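The model shown is predicted, which means the values in this text are computed figures rather than measured ones.
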Amino acid sequence: MKKLRVQQRTVSRRKRGGNRRRKAVQQVAKTHRKIRRSRQDFHHKTARKLVNEHDLIAHEDLKVSNMVQSNLSRSISDVGWSAFFDILRGKAESAGRVVVRVPPQYTSQRCHACGHTCRENRNNEMFRCVSCGHEDHADWNAAKNILGRAVPSALNGSGVAHAVV
């Protein structure tokens with residue numbers, strides 16, 4: 001990021017239409033190309049690893065375009081979630097694996113043990129159910145909820161999904 005920032009400043013200081021500006025623009029384009037290719041390489045390698053290791057891959061169906069409007073827009077854009085999910089879906093399809101997109105509503109506020117949904121359950125990184133007292137890391141609890149929604153056959157008699165991660 002620092003290298004790119006310096007190169008872009010260099011372009012802005014050059015005179016329009018000049019040869020030095022054209023060369024500086026080419027340097028910025030080359031840096032952008034390198035960033036894009038390294039991100040794509042990471043996406044492909046990670047997707048291939050996931051597809052090789054798992055028969056079912058479940059993820060939240062996030063609205064990335066809405067999330068980019070927040071204060072984390074640079075971080076979200078740098079990761080390239082939409083492109084990763086597209087690559088993952090394509091690799092899984094060609095390998096005969098299943099990718100399930102799960103609606104993200106209340107996955108982090110719902111208790112995996114009892115099914116109680118409440119905003120007070122989630123306290124930063126810790127998940128503590130106010131109904132049953134179940135404690136877990138918030139991300140682990142959300143992952144269990146996502147997997148439970150992806151595999152509906154994991155429902156018990158009470159209608160609460162209990163899938164083991």
Side-chain angles (χ1 to χ4, degrees), residues 1-110 112 119 121-127 136-151 154 161 163-165:
M1 290 302 295
K2 184 178 179 185
K3 180 180 178 181
L4 186 62
R5 201 171 25 238
V6 168
Q7 288 176 343
Q8 287 172 331
R9 254 184 294 170
T10 303
V11 169
S12 69
R13 284 195 298 260
R14 301 287 185 238
K15 191 171 83 173
R16 289 187 184 268
N19 196 34
R20 294 175 74 205
R21 182 183 175 99
R22 185 178 51 79
K23 287 181 181 178
V25 167
Q26 287 174 349
Q27 281 295 318
V28 171
K30 183 178 178 183
T31 303
H32 275 296
R33 206 170 26 251
K34 181 175 170 119
I35 292 169
R36 184 183 74 237
R37 287 177 179 166
S38 63
R39 184 182 298 125
Q40 279 183 334
D41 181 58
F42 176 75
H43 286 169
H44 281 283
K45 286 179 179 176
T46 306
R48 175 53 55 202
K49 183 177 181 216
L50 287 171
V51 167
N52 288 343
E53 292 177 359
H54 305 285
D55 293 333
L56 172 77
I57 302 166
H59 68 85
E60 285 182 309
D61 187 18
L62 300 172
K63 304 292 183 248
V64 179
S65 58
N66 293 345
M67 295 171 69
V68 170
Q69 297 170 0
S70 72
N71 59 349
L72 298 172
S73 62
R74 177 174 284 187
S75 302
I76 293 169
S77 296
D78 280 348
V79 173
W81 285 342
S82 296
F84 174 70
F85 290 142
D86 292 340
I87 291 169
L88 178 65
R89 199 171 306 114
K91 287 191 184 297
E93 194 175 286
S94 67
R97 305 290 200 259
V98 179
V99 176
V100 180
R101 294 187 301 192
V102 175
Q105 288 80 18
Y106 306 112
T107 53
S108 63
Q109 297 175 4
R110 184 173 179 264
H112 179 69
R119 180 177 286 209
N121 287 347
R122 173 92 189 242
N123 186 14
N124 292 333
E125 290 187 17
M126 278 305 298
F127 180 89
D136 204 353
H137 191 277
D139 293 337
W140 280 105
N141 184 68
K144 290 175 186 176
N145 285 330
I146 291 167
L147 186 60
R149 286 187 191 176
V151 185
V164 179
V165 178

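- A donor-acceptor contact shorter than 3.5 Å is absent between the side chain of Arg48 and the backbone of Lys91.
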(request) Determine, stepwise, if the pair Thr10 / Gln27 fulfils side chain to side chain contact (heavy atoms under 4.5 Å, CB included). (result) CA-CA 10 Å; Thr10 303; Gln27 281 295 318; over 6 Å; no
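- Residue-environment remark: CZ (Arg20) stays at or below the threshold of 12 foreign heavy atoms within 6.0 Å.
- The CZ atom of Phe84 sits 13.5 Å away from the CD atom of Gln40 when rounded to the nearest 0.5 Å.
- Not a single donor-acceptor pair under 3.5 Å links the side chain of Arg14 to the backbone N or O of Arg22.
- No more than 12 heavy atoms of other residues, nucleotides or ligands lie within 6.0 Å of CD in Glu93, so this atom counts as exposed by the packing criterion.
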(request) Go through the steps to decide whether Leu147 and Leu56 satisfy the test side chain to side chain contact (heavy atoms under 4.5 Å, CB included), and finish with yes or no. (result) CA-CA 9 Å; Leu147 186 60; Leu56 172 77; 4.1 Å; yes
(message) Walk me through whether Glu60 and Ile146 qualify under side chain to side chain contact (heavy atoms under 4.5 Å, CB included).
(response) CA-CA 7 Å; Glu60 285 182 309; Ile146 291 167; 3.3 Å; yes
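- Of the possible polar contacts, none joining the Thr46 side chain to the His43 backbone as a donor-acceptor pair under 3.5 Å is found.
- For the pair Asn141 (side chain) and Arg110 (backbone), a donor-acceptor distance under 3.5 Å is present.
- In Glu125, the CD atom is not crowded: 12 or fewer heavy atoms of neighbouring residues, nucleotides or ligands sit closer than 6.0 Å.
- Between the side chain of Asp136 and the main chain of Phe127, no donor-acceptor pair closer than 3.5 Å is present.
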(message) Between Val98 and Asp55, is the side chain to side chain contact (heavy atoms under 4.5 Å, CB included) condition met? List the steps.
(response) CA-CA 6 Å; Val98 179; Asp55 293 333; over 6 Å; no
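- When side chains are defined from C-beta on, Arg21 counts as touching Val11, because their heavy atoms get closer than 4.5 Å.
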